[in-house]
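We name chains A, B, ... by the order of the sequence lines, and we start the count at 1 in each one. The structure displayed is predicted, hence computed values, not measured ones. Keep in mind that the numbers below use all heavy atoms, side chains included, and drop hydrogens, waters and symmetry copies.
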Protein chains: 2
Amino acid sequence: MLDKQSPIPIYIQIEEQLKQQIQQGDFPIGAAIPSERELTERFDVSRMTVRQSITNLVNDGLLYREKGRGTFVASPKVEQPLNGLTSFTEDMQSRGMVPSSKLIGFEILEPDSDIAEELQLADGDKVYFVERIRFADDKPMAIERTYLPVGRFPNLNRDSFQGSLYAMIENEQQLKISRATQRMEAGLVKKEDADLLQIKPPAAILMIERISYLADGQPFEVVRSTYRADRYKFTTDIKR
Amino acid sequence: MLDKQSPIPIYIQIEEQLKQQIQQGDFPIGAAIPSERELTERFDVSRMTVRQSITNLVNDGLLYREKGRGTFVASPKVEQPLNGLTSFTEDMQSRGMVPSSKLIGFEILEPDSDIAEELQLADGDKVYFVERIRFADDKPMAIERTYLPVGRFPNLNRDSFQGSLYAMIENEQQLKISRATQRMEAGLVKKEDADLLQIKPPAAILMIERISYLADGQPFEVVRSTYRADRYKFTTDIKR
DNA sequence: CAGTGGTCTAGACCACTAC
DNA sequence: TAGTGGTCTAGACCACTGT
């Protein structure tokens with residue numbers, strides 16, 4: 001059942017097994033899974049190891065615990081929203097659409113005070129400014145304006161923005177992206193943006209500003225996006 | 001330093017102490033906090049206990065760990081968004097505004113198929129329908145339309161919607177609210193809603209649909225809100 | 001009452017980092 | 001090599017639930 005010699009930690013192996021058993025219906029929705037002590041015996045591991053597996057599944061929303069009663073299978077979510085920090089590319093793919101992109105602006109400039117503050121820049125620090133139209137199934141979906149500190153990424157050029165920026169940062173630069181703050185608001189489309197998005201005013205748009213942070217808490221990116229309201233809905237999961 | 005006789009778990013006491021020391025600046029941003037083994041000695045507890053404290057602070061984004069190096073203080077977030085599942089009342093208060101509310105509709109009806117599906121209802125199950133105008137500092141902020149299954153809450157009336165619905169559910173009904181799925185989109189205001197919100201078309205609005213779930217995964221509430229785009233921005237934190 | 005999850009101990013070995 | 005976080009053990013006592 002478990003491979004204790006495997007480089008994969010035991011608690012992750014147990015997680016996978018439980019996940020699979022839940023999906024197979026071995027444990028129906030609302031039913032109790034075996035108690036921690038029972039799993040301890042079944043897998044011949046310590047209770048803390050079993051607890052680590054279960055804690056992760058509880059955090060993922062697959063299980064819930066009740067003091068003195070047991071651990072139970074939660075009902076699956078109606079809709080599986082794309083949680084976590086994702087790129088436009090990942091986002092569209094998860095919606096079953098084919099993403100593409102057109103670079104319409106690239107320059108190095110001194111940011112205005114909003115951006116400078118959000119990126120925690122010093123006076124005189126410059127940023128890359130990248131402007132792209134984002135397409136889904138070849139139809140315009142959004143305009144994306146990205147600001148990146150030159151200081152942190154000294155050698156970027158137009159080509160850097162063809163592939164996945166996040167992958168480049170995490171693999172080539174060996175930095176860890178950890179989280180983002182997102183601000184969302186509705187508005188009426190401006191004339192210039194209406195042309196780029198191929199819509200006619202008056203029309204509603206969804207404006208999203210994202211500030212992304214590395215694991216050390218430093219911001220590394222500000223993205224301001226303008227989405228066509230008729231084509232884009234944003235879904236999140238919230239925990240109490 | 002620690003009160004081991006206290007009913008408050010030791011790992012929470014350690015969490016509080018570390019949090020305080022970070023806020024006091026005892027550990028500057030980016031600096032390492034004492035190692036797990038050092039804290040083990042300092043607090044005279046086991047290492048697993050210290051790890052539980054640190055793990056929680058890492059999940060909160062106050063600290064981050066690096067294998068083989070240590071645990072470090074993350075920079076504080078620029079903006080502290082209100083995370084978690086909150087009511088309109090809590091939301092407005094955290095923005096420093098005074099919330100109020102006007103009930104404009106209350107009835108028991110058979111839901112349309114959208115709502116029935118989202119609440120996982122059987123044929124013929126009925127729902128409460130509650131329509132309220134939500135004010136912030138006495139200015140209209142949003143229209144909120146709430147659907148609750150009668151089956152789960154048999155004895156509600158108009159008065160039930162004066163106070164905090166969430167508090168009532170968690171205290172009186174002894175149910176645990178665990179999470180919600182939120183769908184957000186932009187749109188143009190309809191004539192009827194424009195009057196209620198005291199705005200003139202064409203104007204943008206932010207439409208939010210929230211489906212809230214109990215710990216057992218059962219949905220218990222659908223809320224459809226229409227916010228004035230000129231007054232409301234929505235902020236979230238996202239983790240990678 | 002027996003069983004459950006919540007907390008906690010006092011060790012251990014590993015892979016990784018920095019010197 | 002010494003120190004770090006990551007994983008794991010084999011126990012323990014507690015408060016809480018259901019019978």
Side-chain angles (χ1 to χ4, degrees), chain A residues 1-18 27 30-59 62-74 174-176 178 215-216, chain B residues 1-18 27 30-74 170 173-176 178 215-216:
Chain A
M1 272 229 176
L2 293 186
D3 178 5
K4 296 209 180 177
Q5 313 313 321
S6 161
I8 300 168
I10 293 176
Y11 73 91
I12 291 188
Q13 293 185 49
I14 294 178
E15 254 184 83
E16 296 301 332
Q17 286 230 4
L18 290 176
F27 309 128
I33 65 166
S35 77
E36 295 178 357
R37 284 163 184 83
E38 206 174 323
L39 292 172
T40 289
E41 283 190 23
R42 182 177 306 183
F43 292 120
D44 192 31
V45 296
S46 131
R47 185 163 159 229
M48 289 302 284
T49 304
V50 167
R51 273 185 70 76
Q52 192 169 356
S53 308
I54 292 179
T55 298
N56 287 345
L57 294 174
V58 168
N59 289 339
L62 270 84
L63 298 175
Y64 60 100
R65 291 202 250 234
E66 289 195 15
K67 251 189 302 190
R69 299 221 315 131
T71 303
F72 305 86
V73 179
Q174 294 184 9
L175 298 169
K176 283 174 204 161
S178 82
D216 63 5
Chain B
M1 271 229 173
L2 293 185
D3 179 4
K4 296 208 181 177
Q5 314 313 319
S6 161
I8 300 168
I10 293 177
Y11 74 91
I12 291 189
Q13 293 185 48
I14 294 178
E15 252 184 84
E16 296 301 331
Q17 286 229 7
L18 290 176
F27 308 128
I33 66 165
S35 76
E36 295 177 356
R37 284 164 184 84
E38 206 175 322
L39 292 172
T40 289
E41 283 191 22
R42 182 178 306 184
F43 291 121
D44 192 31
V45 295
S46 131
R47 183 161 161 232
M48 289 303 281
T49 304
V50 167
R51 273 185 69 77
Q52 192 169 356
S53 309
I54 293 180
T55 299
N56 287 345
L57 294 175
V58 168
N59 288 338
D60 287 352
L62 270 85
L63 299 175
Y64 60 98
R65 291 201 250 234
E66 290 194 15
K67 252 187 302 189
R69 298 220 317 129
T71 304
F72 305 86
V73 179
E170 295 204 305
Q173 306 259 352
Q174 295 185 7
L175 298 170
K176 285 175 202 160
S178 80
D216 63 5

Is there any protein nitrogen or oxygen under 3.5 Å from a nitrogen or oxygen in nucleotides 16-19 of chain C, and what are the pairs?
unit_1	atom_1	unit_2	atom_2	d
C:dA18	OP1	B:R69	NH1	3.4

**Prompt:** Tell me: CD of A:Q13 to P of D:dT7, nearest whole Å?
**Reply:** 13 Å
**Message:** Less than 4.0 angstrom between a side-chain N/O of B:R65 and OP1 or OP2 of D:dG6, yes or no?
**Reply:** yes
**Message:** Can you measure A:E36 atom CD to C:dT7 atom P for me and round it to whole angstrom units?
**Reply:** 11 Å
**Prompt:** Counting only side-chain N and O atoms of A:S35, is one of them less than 4.0 Å from OP1 or OP2 of C:dG3?
**Reply:** no
**Item:** side-chain hydrogen bond (donor to acceptor under 3.5 Å, both in side chains) contacts touching residues 47-57 of chain B (sequence neighbours left out)
**Value:** B:E15-B:N56, B:E36-B:R47, B:E36-B:R51, B:T55-B:R65
**Asked** Between A:V73 and A:L62, is any pair of side-chain heavy atoms under 4.5 Å apart?
**Response** no
**Request:** Quick one: the dot-bracket string of DNA chain C, using Watson-Crick and G-U wobble pairs with both distances under 3.5 Å, [ ] for crossing pairs and | for bases paired to another strand.
**Result:** |.||||||||||||||||.
**Asked** Counting only side-chain N and O atoms of A:R51, is one of them less than 4.0 Å from OP1 or OP2 of C:dG5?
**Response** no
**Item:** Contacts of A:E38 that satisfy salt bridge (Lys or Arg N to Asp or Glu O under 4.0 Å) - sequence neighbours left out
**Value:** A:R42
**Item:** Pairwise side-chain contact, B:I8 with B:E16, heavy-atom cut-off 4.5 Å (strictly under)
**Value:** no
**Asked** Tell me, for nucleotides 8-13 of chain C in 5' to 3' order, what letter each nucleotide earns: B for a base near a protein heavy atom under 4.0 Å, S for only sugar-phosphate near one, - for neither?
**Response** BBB-BB
**Message:** Would you say that A:L57 contacts A:T71 through its side chain, given a criterion of any heavy-atom pair below 4.5 Å between the two side chains?
**Reply:** no
**Request:** Return the set of residues passing ring-ring contact (aromatic ring centres under 6.0 Å, His included) with B:Y64 (not counting sequence neighbours), or none when no residue passes.
**Result:** B:F72
**Prompt:** Do the non-hydrogen side-chain atoms of B:I14 and B:L39 ever get within less than 4.5 Å of each other?
**Reply:** no
**Item:** Contacts of A:D3 that satisfy side-chain contact (heavy atoms from CB on, under 4.5 Å) - sequence neighbours left out
**Value:** A:Q5, A:S6, A:Q13
**Prompt:** For A:R37, what residues pass the salt bridge (Lys or Arg N to Asp or Glu O under 4.0 Å) criterion, not counting sequence neighbours?
**Reply:** none
**Message:** Going by salt bridge (Lys or Arg N to Asp or Glu O under 4.0 Å), name the residues that satisfy it together with B:E66, two or more places apart in sequence or in a different chain.
**Reply:** B:R69
**Partner residues of A:E41 under the side-chain contact (heavy atoms from CB on, under 4.5 Å) criterion, sequence neighbours left out** = none
**Asked** Is A:T71 near enough to C:dG5 that one of its side-chain N or O atoms lies under 4.0 angstrom from OP1 or OP2?
**Response** yes
